[in-house]
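The structure appears below as structure tokens.
Each chain gets a letter, A, B and so on, in the order its sequence line appears, and its residues count up from 1. Computed from a predicted structure; not experimentally measured. Hydrogens, waters and symmetry mates play no part in the numbers below; they use all other heavy atoms, side chains included.
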Amino acid sequence: MGPFPEPKDLQTAMALQRSLAERVVLEGSLEGVRRIAALDASHRRGKPLVAVAVLYHLEKGLLCVGLGVVPEEALFPYIPGFLSFREAPAYLEALKNLPEPPEALLVDGQGIAHPRGLGIASHLGVHLDLPSIGVAKSLLYGRLEAPLPLEAGSAVRILSPEGRPLGYAYRSRKGVKPLFISPGHRVGLEEALAFVKHLPTRFRLPEPLRLAHLEAGKALRQLDP
DNA sequence: GCGACAG
DNA sequence: ATCTTGTCGC
């Protein structure tokens with residue numbers, strides 16, 4: 001799949017995003033997929049970025065954890081709309097440290113619900129040619145078709161300014177803030193939501209992502225107590 | 001020019 | 001994302 005391109009400026013990054021977005025495939029079902037990698041990262045200013053890939057089996061649960069660490073100096077800055085250029089390199093390292101390749105990716109961030117149609121989940125999916133889904137804790141782009149009901153399991157579509165469906169706002173549990181689900185690559189809109197709905201979810205985040213989040217925080221603290 | 005703005 | 005204790009609510 002080649003190296004992960006690191007653009008020298010935002011104009012170049014933007015052009016790359018528009019180009020890669022044309023390669024996104026918005027169809028496919030994840031039925032039958034059991035082994036997924038959940039991706040999350042944590043960091044503190046002046047410290048390395050710690051990325052975690054959790055290999056999770058839908059029936060066996062947590063299998064193992066892969067780490068990816070990138071020094072602050074090597075990091076692309078965080079700019080809304082360009083998150084993948086900052087975090088994806090660390091995720092790719094983390095994925096290399098897994099004993100076996102996942103069948104799909106669950107990523108903390110947007111899929112196609114992005115100004116140029118290439119959130120970090122889509123970017124990673126296209127780069128690795130793997131099915132991927134974006135699960136974000138807040139909305140970056142688009143608007144909700146209607147207010148999201150308070151009931152657990154409710155979902156309303158995320159629409160682009162032109163009215164195109166980009167994903168779903170999804171209430172995973174009662175009394176929690178919604179998650180924003182959008183297909184990353186090689187999965188349809190409905191299928192992406194259906195897949196997330198079937199993941200074990202004890203709290204707000206689906207269990208695989210929650211574990212990845214906990215592991216990332218743990219790893220960051222162990223860097224230098 | 002005025003807001004909005006994943007992690 | 002992280003800095004942070006107790007506290008309100010299901």
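You can see that DNA chain C meets the heavy atoms of chain A within a 4.0 Å-exclusive cut from C/dA1 to C/dC3, reading 5' to 3'.
B/dG7 atom P lies 9 Å from atom CD of A/E87, rounded to whole Å. If you measure from atom CZ of A/F180 to atom P of B/dG7, you get 9 Å, rounded to the nearest angstrom. Remark: C1' of B/dG3 and CG of A/L140 are 14 Å apart, rounded to the nearest angstrom. Summarising the geometry, the separation between CD1 on A/I158 and P on B/dA6 is reported as 13 Å, rounded to the nearest angstrom. Nucleotide B/dA6 holds its C1' atom 15 Å from the CG atom of A/L106, rounded to whole Å. Taking atom CG of A/L39 as the reference point, atom P of B/dA6 lies 19 Å away to the nearest angstrom. Whole-Å rounding puts the A/R86 CZ to B/dC5 C1' distance at 15 Å. For the pair A/L124 CG and B/dA6 P, the computed distance is 18 Å after rounding to whole Å.
A salt bridge is defined here as a Lys NZ or Arg NE, NH1 or NH2 lying under 4.0 Å from an Asp or Glu carboxylate O, and A/R34 with A/E103 fails to meet this definition. Between A/E151 and A/K174, no side-chain nitrogen of the basic residue sits less than 4.0 Å from a carboxylate oxygen of the acidic one, so the salt-bridge criterion is not met.
Among the atoms of the strands shown, base atoms are found under 4.0 Å from some heavy atom of A/G81. A/F82 comes within 4.0 angstrom of a nucleotide base, judged by non-hydrogen atoms across all strands. No engagement by A/K174 is indicated, since no non-hydrogen atom pair under 4.0 Å with the nucleic acid exists. Counting any heavy atom pair closer than 4.0 Å across all strands shown, A/I120 reaches a base atom. As judged by a 4.0 angstrom heavy-atom cut-off over every strand, A/H213 is placed among residues touching the sugar-phosphate backbone only. A/G175 comes within 4.0 angstrom of no nucleic acid atom, judged by non-hydrogen atoms across all strands.
Contact between the side-chain N/O atoms of A/S138 and the OP1/OP2 oxygens of B/dC5 is not found at any separation under 4.0 Å. Within the structure, a side-chain polar atom (N or O) of A/Y78 is placed less than 4.0 Å from OP1 or OP2 of B/dA6. Considering only side-chain N and O atoms, A/K137 lies under 4.0 angstrom from the phosphate OP1 or OP2 of B/dG7.
From A/Q110, atom CD reaches atom NZ of A/K137 across 10.0 Å, with rounding to the nearest 0.5 Å.
For the pair A/L58/A/L199, a side-chain contact is recorded, criterion being any heavy-atom separation below 4.5 Å from C-beta on.
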Take A/E207 and A/R202 through the test salt bridge (Lys or Arg N to Asp or Glu O under 4.0 Å) and record every step on the way to the result.
CA-CA 7 Å; A/E207 210 58 12; A/R202 306 202 301 172; 3.2 Å; yes
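With A/L209 as the fixed residue, the side chain to side chain contact (heavy atoms under 4.5 Å, CB included) test singles out one of A/V135, A/I36, A/T201: A/V135.
Not less than 6.0 angstrom separates the ring centroid of A/H43 from the ring centroid of A/Y78.
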